[in-house]
Amino acid sequence: MAGSDPTLAAVAPPDTVKILIAGGFGVGKTTMVGSVSEIAPLRTEEPLTAAGLGIDDLNGIEEKRATTVALDFGRITISRELVLYLFGTPGQQRFWFMWNDLAIGALGAVVLVDVRRPESSFAAIDFFERRGIPFVVGVNGFHGAHPYPAEEIREALALPKHVRVLLCDARERESSRDVLIALIDQLIADAREAS
Ligand SMILES: Nc1nc2c(ncn2[C@@H]2O[C@H](COP(=O)(O)OP(=O)(O)O)[C@@H](O)[C@H]2O)c(=O)[nH]1
Ligand SMILES: [Mg+2]
């Protein structure tokens with residue numbers, strides 16, 4: 001019987017889970033998908049051009065040269081049983097119409113926050129809260145600096161107690177992976193509670 005053959009069980013395909021990487025414009029979504037993905041991430045970036053002038057708010061992110069126009073896509077294997085497919089959402093307001101489609105089938109999300117402009121991620125937090133999609137908050141410390149403890153950021157963002165807040169560096173694979181693992185822990189805890 002196939003089901004009882006341990007060699008077959010060992011090669012059973014892993015569960016695949018769709019996760020969104022969301023947050024405001026320039027918070028490090030593309031960077032995170034790129035640092036953590038084990039396949040060359042699919043990027044749909046366009047150079048920031050005059051067309052976005054006055055539309056895309058570049059305040060505080062003057063170093064930003066490209067922007068995601070559709071999505072970033074990456075993959076990370078967490079264990080033999082679990083593979084995450086990562087979808088980075090476009091951050092600018094003019095692309096938010098895509099978020100509903102991107103959210104279909106997503107089990108959870110990481111909302112990235114730029115510690116210097118936390119308000120740019122309010123809309124993303126609101127989006128997942130309204131839809132009841134579980135999320136964790138990753139606080140991307142630009143220049144590796146974390147001036148505020150996680151609890152202070154939780155308060156600033158008016159996040160409920162159950163939402164985990166993690167300080168991270170989107171450029172670092174390990175750090176980005178830790179944020180995703182915290183999300184998986186959250187999803188497992190939610191599932192246990194519900195059953
Ligand atoms: N210094 C620093 N730069 C970062 C960090 N994360 C992202 N960046 C840079 O900030 C800019 C915006 O990041 P990006 O990933 O494109 O943001 P997105 O709009 O959320 O996809 C890019 O130039 C990144 O290289 C970080 O942790 N530290
Ligand atoms: Mg991007």
Side-chain angles (χ1 to χ4, degrees), residues 18-76 84-103 106 108-128 133 135-150 152-153 157 165-183:
K18 176 180 179 180
I19 300 293
L20 300 187
I21 311 293
F25 186 41
V27 295
K29 301 179 296 293
T30 299
T31 304
M32 178 172 269
V33 173
S35 75
V36 90
S37 184
E38 61 209 7
I39 52 173
L42 171 69
R43 286 192 181 154
T44 48
E45 293 214 310
E46 292 285 328
L48 279 170
T49 59
L53 274 184
I55 301 170
D56 299 334
D57 180 9
L58 286 173
N59 245 333
I61 43 170
E62 288 81 1
E63 71 270 40
K64 197 167 161 61
R65 296 277 175 267
T67 188
T68 307
V69 289
L71 53 86
D72 304 301
F73 176 72
R75 185 189 73 199
I76 176 172
L84 307 184
Y85 285 100
L86 307 176
F87 293 77
T89 59
Q92 306 96 303
Q93 223 143 2
R94 63 200 161 100
F95 290 116
W96 280 352
F97 68 90
M98 284 189 219
W99 283 36
N100 282 323
D101 287 348
L102 276 172
V110 171
V111 175
L112 273 179
V113 170
D114 177 345
V115 71
R116 305 163 303 175
R117 313 172 284 121
E119 67 288 348
S120 74
S121 292
F122 278 156
I125 290 168
D126 192 52
F127 178 90
F128 296 115
I133 298 174
F135 64 95
V136 296
V137 169
V139 182
N140 193 17
F142 276 71
H143 309 295
H146 281 292
Y148 311 106
E152 224 166 286
I153 290 164
L157 295 172
V165 180
L166 297 110
L167 305 180
C168 69
D169 185 331
R171 299 165 300 176
E172 299 288 335
R173 180 178 163 79
E174 286 288 300
S175 177
S176 300
R177 192 170 188 272
D178 287 347
V179 176
L180 290 167
I181 288 172
L183 174 62

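Residue numbers run from 1 in the order of the sequence given. Here the structure is a predicted model, which is why all the values come from computation and not from measurement. Counting starts at 1 for both ligands and their atoms, following the listed order.
- Within 6.0 Å of CZ in Phe122 there are more than 12 heavy atoms belonging to other residues, nucleotides or ligands.
- Between Phe135 and Phe128, the ring planes lie tilted relative to each other; the angle falls in the 30° to 60° range.
- Judged by distance alone, with hydrogens and angles left aside, the side-chain atoms of Ser35 form a donor-acceptor pair with the main-chain N or O of Ala170 at under 3.5 Å.
- Evaluated by nearest non-hydrogen atom to atom 24 (C) of ligand 1, the leading choice among Val27, Asn140, Thr30, Thr31 is Thr31.
- The side-chain contact (heavy atoms from CB on, under 4.5 Å) test with Val113 singles out one residue from Asn140, Val165, Leu157, and that residue is Leu157.
- Backbone and side-chain nitrogen or oxygen atoms of Gly26 are examined, and one is located within less than 3.5 angstrom of a nitrogen or oxygen of ligand 1.
- The distance from the Mg ion (ligand 2) to the nearest N/O/S atom of Thr31 is not under 2.8 Å.
- Between the side chains of Thr30 and Asp72, at least one donor N or O sits under 3.5 Å from an acceptor N or O.
- Those atoms of ligand 1 that come under 4.0 Å of a heavy atom in Lys29, given as number and element, are 15 (O), 17 (O), 18 (P), 19 (O), 20 (O), 21 (O).
- Of all atoms in ligand 1, listed by their number and element, those nearer than 4.0 Å to a heavy atom of Asp169 are 27 (O).
- When each atom of ligand 1 is checked for a heavy atom of Gly141 under 4.0 Å away, the hits are 27 (O).
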